[in-house]
Structures are given as structure tokens and as C-alpha cells.
Amino acid sequence: MYIKKRQAVVEAGREMARSALAVGTWGNISCRVEPELMAITPSGMDYEQLQSEDIVIMDLGGQVREGSRKPSSEQPLHRAIYRGRPDIQAVVHTHSVYASALAVARKPIPACVEDLVQIVGGAVRVADYCLPGTEELGECTLRALEGRNGALLANHGVIGCGRTLTEALTVCKIIEKAAKITLAAQAVGGVVELAESDIQAMRTYYLHQYGQR
């Protein structure tokens with residue numbers, strides 16, 4: 001079952017690898033297939049070699065419903081996000097270099113460029129540090145995601161969420177770009193953040209008017 005959803009996860013994994021957002025078999029991807037079910041990448045498998053049957057179907061309580069593979073070790077993180085945010089339909093977790101540098105420094109990415117605030121909703125917060133693969137990491141990440149579609153994970157990496165897998169992957173790409181801009185801006189005087197009224201105006205435009213409708 002859920003062949004199209006599983007294949008979409010496979011294709012997103014290949015795009016993540018080709019975009020250098022993760023190295024080797026690290027990083028993980030999921031999408032919601034029903035209100036209480038998700039499709040998630042397996043643990044430790046090459047993204048270029050994945051097939052749709054390798055994608056695991058789990059419920060939000062942590063039980064495997066379909067698939068013979070061991071699910072990603074970060075499945076508690078994905079489950080926590082889906083439980084806490086009914087609006088989110090896809091989650092992508094990456095280890096991109098520049099965003100991870102800020103995560104290691106535990107520095108948020110300021111709300112400084114239009115595409116970032118449109119798709120993420122404002123500054124990218126840093127979730128409190130928790131060991132990877134734990135329920136606690138999911139809880140801390142969910143708090144950092146309040147009102148946002150992306151967050152940094154302290155000493156770890158990036159989480160991007162969206163209404164589709166494409167959007168969640170784009171969130172990760174834009175966070176990485178904004179991290180590069182933020183670090184480069186430090187060399188020429190630092191970042192000037194956008195006004196909150198402008199952030200809200202651009203977010204509303206993205207949600208309700210951007211693109212073909």
C-alpha cells in the first residue's frame with residue numbers, strides 16, 4: 001500500500017543526497033500517509049539505492065505497520081512533529097554544512113531574507129540539545145518549531161517541514177542558503193533583521209498568494 005507516497009519519499013531522498021544536504025546514509029525523510037500513519041526512510045541505507053518497498057510505514061505511536069526494513073533511528077523525532085503539528089505533512093532532516101555550523105554554535109538564523117521568512121515563518125530557532133534518536137529530541141524540536149516550518153537542532157543539523165515533501169525539502173535548502181548569508185554578513189557588519197510587520201506580510205503572501213493558484 002501507499003506506493004505513491006513511498007516512491008515520493010525515495011525521490012526526495014535522492015534529491016537530498018544530490019543537493020549535498022546530507023552525507024552518506026545520514027539524514028532522514030518522512031511524509032504523512034494518513035492522519036496517524038507516516039512513511040519514513042529506513043536506517044542506514046544508501047539514498048541512491050532505495051526502492052519504494054524499502055520505505056517503512058509506521059503509526060504515530062511507534063509501531064511498524066508495513067515494511068521489512070528497520071526504520072530511521074530518528075523516527076521518534078518525526079512522530080513527535082506529526083503528533084504536535086497536524087498541519088505538517090512532510091518532514092526532512094538534513095546535516096547541511098553551514099546550517100549545522102550555526103547549530104553547533106547554537107546560534108539562530110535571523111529573519112533577514114524574504115524567502116526564509118516566507119517559507120519558514122521567521123527566524124530559525126535552535127532546539128535545545130538532546131541525544132539523537134530520543135523522544136526528548138522530538139519534544140525539544142516541536143517547541144522550536146512553534147509557528148515555524150524549520151529549526152536547527154543543537155550540535156546536530158536541520159529540520160524542515162511542509163505541506164508536501166517538495167516544500168519540506170525546499171525549507172532545508174533555503175535554511176542552508178540563509179545560513180551562508182548570515183555567516184557572510186558577519187564579515188561586512190552583521191545582519192540587519194526584517195521588521196516583524198514585514199515578516200508577517202511576506203509569510204501571509206506566501207501562504208495565500210504565492211505561485212499558481
Side-chain angles (χ1 to χ4, degrees), residues 6-31 38-56 58 67 69-81 88 90-109 115-116 119-120 124-134 136-138 140-141 144-145 148-162 164-184 186:
R6 282 171 149 162
Q7 187 59 36
V9 171
V10 167
E11 291 169 3
R14 291 172 182 163
E15 175 64 18
M16 179 177 71
R18 292 167 186 169
S19 299
L21 295 174
V23 176
T25 60
W26 279 265
N28 32 80
I29 296 173
S30 71
C31 71
M38 67 179 186
I40 189 166
T41 46
S43 177
M45 291 188 69
D46 188 326
Y47 291 104
E48 294 292 348
Q49 303 301 318
L50 281 182
Q51 302 297 319
S52 59
E53 58 267 26
D54 295 317
I55 304 304
V56 183
M58 300 186 71
R69 301 294 189 184
K70 178 183 176 182
S72 168
S73 61
E74 294 292 4
Q75 49 88 6
L77 170 62
H78 293 250
R79 292 190 291 106
I81 293 170
I88 288 174
V91 175
V92 176
H93 170 43
T94 72
H95 297 163
S96 57
V97 174
Y98 290 91
S100 294
L102 290 173
V104 165
R106 303 191 184 183
K107 300 292 186 182
I109 300 175
D115 53 359
L116 180 75
I119 200 166
V120 172
V124 184
R125 305 184 187 105
V126 184
D128 292 340
Y129 177 76
C130 298
L131 282 171
T134 61
E136 290 77 14
L137 178 60
C140 289
T141 302
L145 284 170
R148 300 287 191 272
N149 271 11
L152 301 179
L153 310 183
N155 298 85
H156 191 158
V158 180
I159 202 81
C161 309
T164 65
L165 276 165
T166 297
E167 185 175 62
L169 193 58
T170 300
V171 168
C172 293
K173 291 178 179 179
I174 288 178
I175 287 175
E176 177 67 359
K177 181 177 78 73
K180 291 180 183 179
I181 291 169
T182 298
L183 290 168
Q186 301 306 317

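Hydrogens, waters and symmetry mates play no part in the numbers below; they use all other heavy atoms, side chains included.
By the 6.0 Å contact criterion, OH on Tyr98 is open, its count of non-hydrogen atoms from other residues, nucleotides or ligands being 12 or less.
A distance of 11.5 Å separates CG of Asn149 from OG1 of Thr170, quoted to the nearest 0.5 Å. Between the CG atom in Leu102 and the CG atom in Leu183 there is a gap of 4.5 Å [rounded to 0.5 Å]. For the atom pair CG of Leu169 and CG of Leu21, the computed distance is 6.5 Å after rounding to the nearest 0.5 Å. Here the CH2 atom belonging to Trp26 is positioned 10.0 Å from the OG atom belonging to Ser43, to the nearest 0.5 angstrom. A distance of 12.0 Å separates CZ in Arg6 from CG in Leu50, rounded to the nearest 0.5 Å.
Judged by distance alone, with hydrogens and angles left aside, the side-chain atoms of Glu136 form no donor-acceptor pair with the main-chain N or O of Cys130 at under 3.5 Å.
Residues Glu15 and Lys173 are paired through a salt bridge, judged by an N-O separation under 4.0 Å between the basic side chain and the carboxylate. A salt bridge does not link Arg69 to Glu53: none of the charged nitrogens lies less than 4.0 Å from a carboxylate oxygen. At a threshold of 4.0 Å, the pair Lys177-Asp115 counts as salt-bridged, since one of the basic side-chain nitrogens sits closer than that to a carboxylate oxygen.
For the side chain to side chain contact (heavy atoms under 4.5 Å, CB included) criterion with Val92, the lone passing option out of Cys172, Ser30, Cys161, Cys31 is Cys172. Screening Thr41, Asn28, Ile40 against Gln75 for a side chain to side chain contact (heavy atoms under 4.5 Å, CB included) leaves a single residue, Ile40.
Taking the side chain as every heavy atom from C-beta outward, Val120 and Val171 approach each other to under 4.5 Å. Using a 4.5 Å heavy-atom cutoff, the side chains of Pro132 and Leu77 are not in contact. Proximity of Ile88 to Val91: side-chain heavy atoms (C-beta onward) are separated by under 4.5 Å at one or more points. Annotation: side chain of Arg106 is in contact with side chain of Asn155 (closest heavy-atom distance under 4.5 Å). A 4.5 Å side-chain heavy-atom check between Met45 and Thr25 finds every atom pair outside the cut-off.
Among all heavy-atom pairs drawn from Arg14 and Tyr47, the shortest one is CG-O, 3.4 Å. Here the shortest heavy-atom pairing between Gly27 and His95 reads N-CE1, 3.9 Å. Taking all atoms of both residues into account, the shortest heavy-atom contact from Leu165 to Val9 is CD1-N, 3.7 Å. Annotation for Cys140 and Ala127: closest pair O-CB, 3.8 Å, computed over non-hydrogen atoms. For the pair Val124 and Ala151, the tightest heavy-atom approach, listed with the atom from each and the gap, is CG1-CA, 3.6 Å. Summarising the geometry of Val158 relative to Ala99, their closest heavy-atom pair is CG2-CB, 3.3 Å, with the distance given to 0.1 Å.
Looking at residues two or more places apart in sequence or on another chain, you find no salt bridge (Lys or Arg N to Asp or Glu O under 4.0 Å) involving Arg125.
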| request: Evaluate the side chain to side chain contact (heavy atoms under 4.5 Å, CB included) criterion for residues Met16 and Thr94: first the C-alpha distance (whole Å), next the side-chain angles of each, then the deciding distance (0.1 Å), finally the verdict. | output: CA-CA 8 Å; Met16 179 177 71; Thr94 72; 3.7 Å; yes

| said: Before you tell me yes or no, could you show the steps for Leu131 and Leu137 under side chain to side chain contact (heavy atoms under 4.5 Å, CB included), namely the whole-Å CA-CA distance, both residues' side-chain angles and the distance that decides it to 0.1 Å? | reply: CA-CA 7 Å; Leu131 282 171; Leu137 178 60; over 6 Å; no

| query | Should His93 and His78 be marked as a ring-ring contact (aromatic ring centres under 6.0 Å, His included) after you check the CA-CA gap, both sets of side-chain angles, and the distance that decides it? | reply | CA-CA 9 Å; His93 170 43; His78 293 250; 7.3 Å; no

| task | Walk me through it: do Gln51 and Gln7 pass the test side chain to side chain contact (heavy atoms under 4.5 Å, CB included)? | result | CA-CA 7 Å; Gln51 302 297 319; Gln7 187 59 36; 5.7 Å; no

| request: For the pair Leu152 and Ile175, evaluate side chain to side chain contact (heavy atoms under 4.5 Å, CB included) and give the outcome as yes or no after the intermediate values. | output: CA-CA 9 Å; Leu152 301 179; Ile175 287 175; 4.2 Å; yes

